[in-house]
Amino acid sequence: MEDQLTLSPVAYYEGPLTEKFGLPRQSGLVPEIEGTLVFTPPYRMREAFRGMEGFSHLWLIWGFSKNHTWSPTVRPPRLGGNERLGVFATRAPFRPNPLGLSLVELVEIKDGGVKGLLLVVRGADLMSGTPIYDIKPYIPYADARPQARSGFATGPDAELCVKCDEALLAPFTPTQRQALKKVLAQDPRPHYQHDAQRIYGMSFAGFDVHFRIDDRTVLVTDIRKGSSD
């Protein structure tokens, strides 16, 4: 008997973040991030979405498509990258089966023409292009446990102050501006980097965003059209 499971994506996520750097460390930390789930042809049937409009949030089961190795112990960023814990006690991407779980808000179910029905979602911690293997509705009475212990993951860090010339934000929609500022406020740097003069860069909605972080302040230095566009 073989206990093997072959997974095929039912959809792909399309969003403003195309690289690992800058991704929120958990879903829901930047609720302003908006993306779309585009379904693969076998699953573009309206019947598969019947009843979904009654739910406000969805669980996404997805794949760490850029990670192909695993380790029994990992260094959680929450602990500054200095302490090793068991992979099954963390949400690290280096897993035996590279599967992730994210909770997102369902904003809209809309007709995408030849792409079939599209799901517009908010709050994902995913790179654009991430394969989605399954979707399940979030049910508060069963899924929410306010009194549950959270181990070493005691809560998000205090947000940084973001300073940016409003003129640099002109290419973005109001929602994208809020999302970008919130992403930067979450401090996307690795926890071991604290050079106040270092210029960091990340891709956001087709633009390259450059910034440095001095103490608790993010200073955006430049935003320009991405070289890949």
Side-chain angles (χ1 to χ4, degrees), residues 5-24 26-67 93 98-140 143 168-184 188 202-209 223-229:
L5 176 64
T6 300
L7 297 177
S8 298
V10 300
Y12 287 89
Y13 174 78
E14 294 182 354
L17 293 161
T18 58
E19 301 171 351
K20 181 180 177 181
F21 186 77
L23 286 175
Q26 299 290 343
S27 60
L29 290 181
V30 186
E32 296 85 356
I33 290 181
E34 189 167 284
T36 304
L37 300 185
V38 181
F39 288 79
T40 56
Y43 308 104
R44 293 176 181 174
M45 300 175 289
R46 289 184 176 271
E47 300 93 307
F49 301 85
R50 187 179 301 156
M52 182 178 283
E53 67 279 356
F55 296 91
S56 65
H57 290 74
L58 304 171
W59 287 113
L60 304 183
I61 300 172
W62 49 275
F64 288 101
S65 55
K66 299 299 183 181
N67 294 327
L99 296 176
L101 180 68
S102 294
L103 180 63
V104 298
E105 178 187 359
L106 175 60
V107 178
E108 182 184 5
I109 305 172
K110 67 178 185 179
D111 190 339
V114 296
K115 292 184 176 181
L117 289 184
L118 306 176
L119 302 186
V120 180
V121 298
R122 287 194 187 126
D125 53 344
L126 307 177
M127 284 192 301
S128 191
T130 294
I132 308 298
Y133 293 115
D134 201 5
I135 299 170
K136 300 178 186 292
Y138 172 82
I139 303 175
D143 297 343
L168 293 175
L169 300 173
F172 303 121
T173 67
T175 299
Q176 288 176 329
R177 295 177 192 180
Q178 293 177 16
L180 174 58
K181 289 181 178 180
K182 192 69 175 286
V183 166
L184 295 172
M202 73 177 200
S203 176
F204 184 86
F207 287 80
D208 293 331
V209 180
I223 298 178
R224 65 183 65 179
K225 190 69 174 177
S227 58
S228 62
D229 292 347

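Side chains are part of it too, since the values below use all heavy atoms of this structure and drop only hydrogens, waters and symmetry mates. Residues take their numbers from the sequence shown, with the count starting at 1.
- Under the 4.5 Å side-chain criterion, counting only non-hydrogen atoms from C-beta, L17 is in contact with P24.
- At least one side-chain heavy atom of L180 sits less than 4.5 Å from a side-chain heavy atom of M202.
- Between V38 and R44 there is a side-chain heavy-atom pair separated by less than 4.5 Å.
- Distance CD1/I223 to CG/L168: 5.0 Å, rounded to 0.5 Å.
- In this structure, S102 contributes its side chain and S27 its backbone to no donor-acceptor pair below 3.5 Å.
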Test log, rule side-chain contact (heavy atoms from CB on, under 4.5 Å), inputs L60 and L126:
CA-CA 10 Å; L60 304 183; L126 307 177; 4.1 Å; yes
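- For the atom pair CH2 of W62 and CG of L101, the computed distance is 9.0 Å after rounding to the nearest 0.5 Å.
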Working for side-chain contact (heavy atoms from CB on, under 4.5 Å), residues I135 and M52
CA-CA 10 Å; I135 299 170; M52 182 178 283; 4.3 Å; yes
Steps toward side-chain contact (heavy atoms from CB on, under 4.5 Å) verdict (T36, E108):
CA-CA 9 Å; T36 304; E108 182 184 5; over 6 Å; no
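- Looking only at side-chain heavy atoms (C-beta outward), D143 and W59 come within less than 4.5 Å of each other.
- When side chains are defined from C-beta on, V121 counts as touching Y13, because their heavy atoms get closer than 4.5 Å.
- The structure places CD1 of I132 at 12.5 Å from CG of L7, a figure rounded to the nearest 0.5 Å.
- Atoms CZ and CE, from F64 and M127 in turn, are 9.5 Å apart once rounded to the nearest 0.5 Å.
- Proximity of D125 to L29: side-chain heavy atoms (C-beta onward) are nowhere separated by under 4.5 Å.
- Taking CG from L169 and CZ from F207, the interatomic distance works out to 11.0 Å, rounded to the nearest 0.5 Å.
- In this structure, the side chains of P31 and K182 come closer than 4.5 Å at one or more pairs of heavy atoms.
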Would you sort out whether L37 and V104 count as a side-chain contact (heavy atoms from CB on, under 4.5 Å), showing the intermediate values?
CA-CA 11 Å; L37 300 185; V104 298; 6.0 Å; no
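- Considering only heavy atoms from C-beta on, Y138 stays 4.5 Å or farther from L106 through its side chain.
- Once rounded to the nearest 0.5 Å, the distance linking CD of E47 with CZ of R50 reads 6.0 Å.
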